[in-house]
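Handing you this structure, nothing more for now.
Since the structure is predicted, the reported quantities are computational estimates derived from the model, not experimental observations.
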Amino acid sequence: MPIVNIDLEWLNRLLGKSFPPQKVSESLEQIGCDVEEVVEIARSRCPNCASLVENPVGQEDVKACNFCGFEGEVPFQLAGTSKVIRLDLLAARPDLFDVGGLARALQGTLEISSGLPDYPLRDSGLTLRVDPSTAEVRPYIQCAVMTLPEVDETSLVAIMKLQENLHWGVGRDRKLASIGVYDLDTLQGDITYTTLDPDQDSFVPLGTPGRSMTGRQILQEHPKGVGYAHLLSHLDRYPVLRDETGQVLSMPPIINSEETRLKVGTKRVFIDVTGISRSAAVKALDTLVCSLAELGGEIESVKVIEDGKERNSPDLTPGRREVEMEEARRWLGLPLDADSLIASMRRMRFDIEPVDQDKQRFLVSYPAYRTDIRHMVDLLEDIAIGYGYLNIEPRLVRSMTVGEPRPEELIGERARQVMIGLGYSEIMSLPLTTADSHYDKLRQPVPERFARVSNPKLKAYDVLRSHLLSGLMEALYENRRRPMPLRLFEIDNVVGLDEEGLTRTSEERRLALVEIGRDAGYAAVRTVVDALLRELGLEGRYQALEHPTFVTGRVASFTTEEGIEGLLGEVHPEILNRFNLEYPVGLAEVTLHRMF
């Protein structure tokens, strides 16, 4: 995961007290942050965009800028040093990505402040209009205005780093959502979210002062454009934000304009978050503005006019969810009462009040930036953190037992060592797939009945795999540009229907292997299967059969006296075309162990 540097002096200033690095590190560990180390870092100034680039003291001189992509032969000029805490970003908690969010959380656990943070929201008077043309390119937008303490070099770096970290943690590298931050004083009038012609319309992108480029030129020549071209290059028009004069603010999710850039001395900013996921856009904006508010910023709403309707953005109304005392005790095993539960929740910056006279049910109000709260169990985890892991008394288990590996793990590990010794690389594919990928693409008929998920996270992925073949074929497709031959294997469970099973299903531990290359085919894969069985102390009996996934006459099944069975063969050319593969493919699957 990415690592972020948190300025220790700045963090203590926000906490209002001076804590030693060891105390801060221990407190961060208690709220779930993985602290790497406390180090001295140097800040060097990019000669192209004037941004500060951080680098640990003693490492090689900085010659490349993370923000504009500039690379030079001469080391950047040193701008100063500071002591920082380096920690891994916790992907589930984007509110802990920066110094403001961490200070807010530590204020609770260190008992400096408690309860729900208050973020007053006033009207900015600014309006953003959404053009219908954006519905086909990047349909969702959230925005806000903020008045900040005058931006200096340290806060400028912090804002840009938080922006990029949210791109990673929430926006999935800008695919789901991307953020733009602009100097509001450079804008005139209201703002329009619309599209541009990639070959006709141009503006000056960030990091190239004086050079105007069309949208397509940016994707082909600008470092950020090249890096994220795959997000826009397939579109006929590209999304863009303009002010009333037609000045371009940005072409999301690629690059801001040079004229509207955030710089030292900026006091008021306009923020937008665009994306293909409404949820990701809301999460990113709420997290960003609440973190900047912790640095002294004031949040202002923007009126958004879209499809003839008006709404205000952002909406920071706290969420609400009930917690039951009995469930908290059962899940956590803690001696909780009403007072300790309430105190734990308030340390985590929540508000909480009982909803019955017996104080067995509580209504918890959680802030908008806590985008990870989805279920009561998420709040139960926070109760444990607020209670303090160090305050939990360890106890011996009532009965001592000695564990041993399950049978499928034993044979799976033996098979894994054999396959690695034969020169194969192991992969792990998703257990959920689609009927098209699992059956149709392999020329297999879709069964009338098979294991499915009734409430999948993604509607398309609702099929529990019944074999491992499709995962290996997908892996070949993703790696088709690599040098050949390519040899892969996977060991995992598959699910089949079983009326006698507890859930009317049963699982099998299987091994599947695939080879692609000029010499791949039935003979090559048969050699590998023979070697695998021999190393496992088994002998296979082979029998020809017909199978739609394989070439007729180049496919067989096998069994052993110990009950292990499988099939192998050369993949049908029609399937190779569907996966855009140019070489023959040998494929095999072995049932290692049945689990009921």
### Residue Asp307 excluded, over 12 heavy atoms near CG under 6.0 Å
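12 or below, so no.
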### Query
If you draw a 6.0 Å radius around NE2 in His375, do more than 12 non-hydrogen atoms from other residues or ligands fall strictly inside?
no
### Query
Salt bridge check: are Glu164 and Arg174 linked by an N-O gap of less than 4.0 Å?
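Salt bridge present between Glu164 and Arg174.
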### Message
Can you confirm whether Gln188 is buried at CD, in the sense that more than 12 heavy atoms of other residues, nucleotides or ligands lie under 6.0 Å from that atom?
### Response
no
### Task
Please assess Thr434 against Asp436 for the test side chain to side chain donor-acceptor pair (under 3.5 Å), listing each intermediate value before the final yes or no.
CA-CA 5 Å; Thr434 66; Asp436 176 67; 5.0 Å; no
#### Entry: Test log, rule side chain to side chain donor-acceptor pair (under 3.5 Å), inputs Ser470 and Ser437
CA-CA 7 Å; Ser470 57; Ser437 297; over 6 Å; no
### Query
Quick one: are Met251 and Met213 in side-chain contact, heavy atoms under 4.5 Å?
no
### Summary
dist Thr147:OG1 -> Leu292:CG (nearest 0.5 Å) comes out at 11.5 Å
Which donor-acceptor pairs under 3.5 Å do the side chains of residues 283-291 make with protein atoms, sequence neighbours left out?
unit_1 : atom_1 : unit_2 : atom_2 : d
Thr287 : OG1    : Lys283 : O      : 2.8
Ser291 : OG     : Asp98  : OD1    : 3.1
Ser291 : OG     : Thr287 : O      : 3.1

### Asp492 with Arg465: basic N within carboxylate O range, under 4.0 Å
yes
### Message
Are Asp34 and Leu90 packed together at the side-chain level, in the sense that at least one heavy-atom pair is separated by less than 4.5 angstrom?
### Response
no
### Query
What's the shortest heavy-atom distance between Val304 and Ser313, and which atoms?
CG2-CB, 4.1 Å
### Query
Can you find a pair of side-chain heavy atoms, one from Leu128 and one from Thr192, that are under 4.5 Å apart?
no
### Exercise: identify the closest heavy-atom pair between Tyr366 and Arg320
CE2-N, 3.6 Å
### Query
So, Lys175 and Asp173, do they make that salt bridge, N to O below 4.0 Å?
no
### Query
Just wondering, more than 12 heavy atoms not from Arg482 lying within 6.0 Å of its CZ?
no
### Query
How are the rings of His467 and Tyr439 set relative to one another: parallel (under 30°), tilted (30 to 60°) or perpendicular (over 60°)?
perpendicular
### Task
Write down the atom of Ile299, the atom of Pro314, and the distance for their closest heavy-atom approach.
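In terms of heavy atoms, the two residues are closest at CG2-CG, 4.1 Å.
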### Task
Over all heavy atoms of both residues, which pair between Val364 and Met345 is shortest? Give the atoms and the distance, please.
CG2-SD, 3.8 Å
### Message
Under 6.0 Å from the ring centre and within 45 degrees of the ring axis: does the NZ or CZ of Arg349 meet both conditions for the six-membered ring of Tyr369?
### Response
no
### Task
Would you indicate whether the side-chain heavy atoms of Glu136 and Thr195 approach each other to under 4.5 Å?
no
### Query
Does some side-chain heavy atom of Met160 sit less than 4.5 Å from a side-chain heavy atom of Leu156?
yes
### Between CZ on residue Arg321 and CD1 on residue Ile373, distance to nearest 0.5 Å
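So the CZ of Arg321 and the CD1 of Ile373 are separated by 8.5 Å.
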### Task
Could you grab the distance from atom CD of Gln142 to atom CZ of Arg278, nearest 0.5 Å is fine?
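It comes to 7.5 Å.
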### Task
Answer yes if the side chains of Thr109 and Gln30 hold a donor-acceptor pair under 3.5 Å, and no otherwise.
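Absent: no donor and acceptor within the cut-off.
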### Flag if over 12 foreign heavy atoms under 6.0 Å of NZ, Lys267
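Counting other residues, nucleotides and ligands, NZ of Lys267 stays at 12 neighbours or fewer.
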#### Entry: Reported OG1-to-CG distance for the pair Thr214 and Asp197, which is rounded to 0.5 angstrom
9.0 Å
### Query
Is it true that atom CH2 of Trp10 has more than 12 heavy atoms of other residues, nucleotides or ligands lying nearer than 6.0 Å?
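Enclosed.
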### Query
Got a sec: does the CG of Asp199 have more than 12 other heavy atoms crowding it under 6.0 Å?
yes
### Query
Hey, what do you get for CZ (Arg138) to CG (Leu231), rounding to the nearest 0.5 Å?
6.5 Å
### Message
Working to the nearest 0.5 angstrom, can you tell me the gap between Ile31 CD1 and Leu96 CG?
### Response
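So the gap between those two atoms works out to 5.0 Å.
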### Message
I want to check something: taking the side chain as every heavy atom from C-beta on, are Arg347 and Ser114 in contact at a cut-off of under 4.5 Å?
### Response
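The answer is no; the side chains never approach within 4.5 Å.
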#### Entry: Qualifying side-chain hydrogen bond (donor to acceptor under 3.5 Å, both in side chains) pairs with a residue from residues 247-259, counting only residues at least two apart or across chains
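Listed once each, the pairs are Tyr182-Ser250, Asp243-Gln247, Ser257-Thr260, Glu258-Arg261.
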### Query
Between Asp372 and Arg370, is the closest basic N to carboxylate O distance under 4.0 Å?
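Salt bridge flag = yes for Asp372 with Arg370.
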### Message
Test side chain to side chain donor-acceptor pair (under 3.5 Å) on Ser429 and Glu490; report intermediate values, then the result.
### Response
CA-CA 8 Å; Ser429 61; Glu490 180 173 15; 2.8 Å; yes
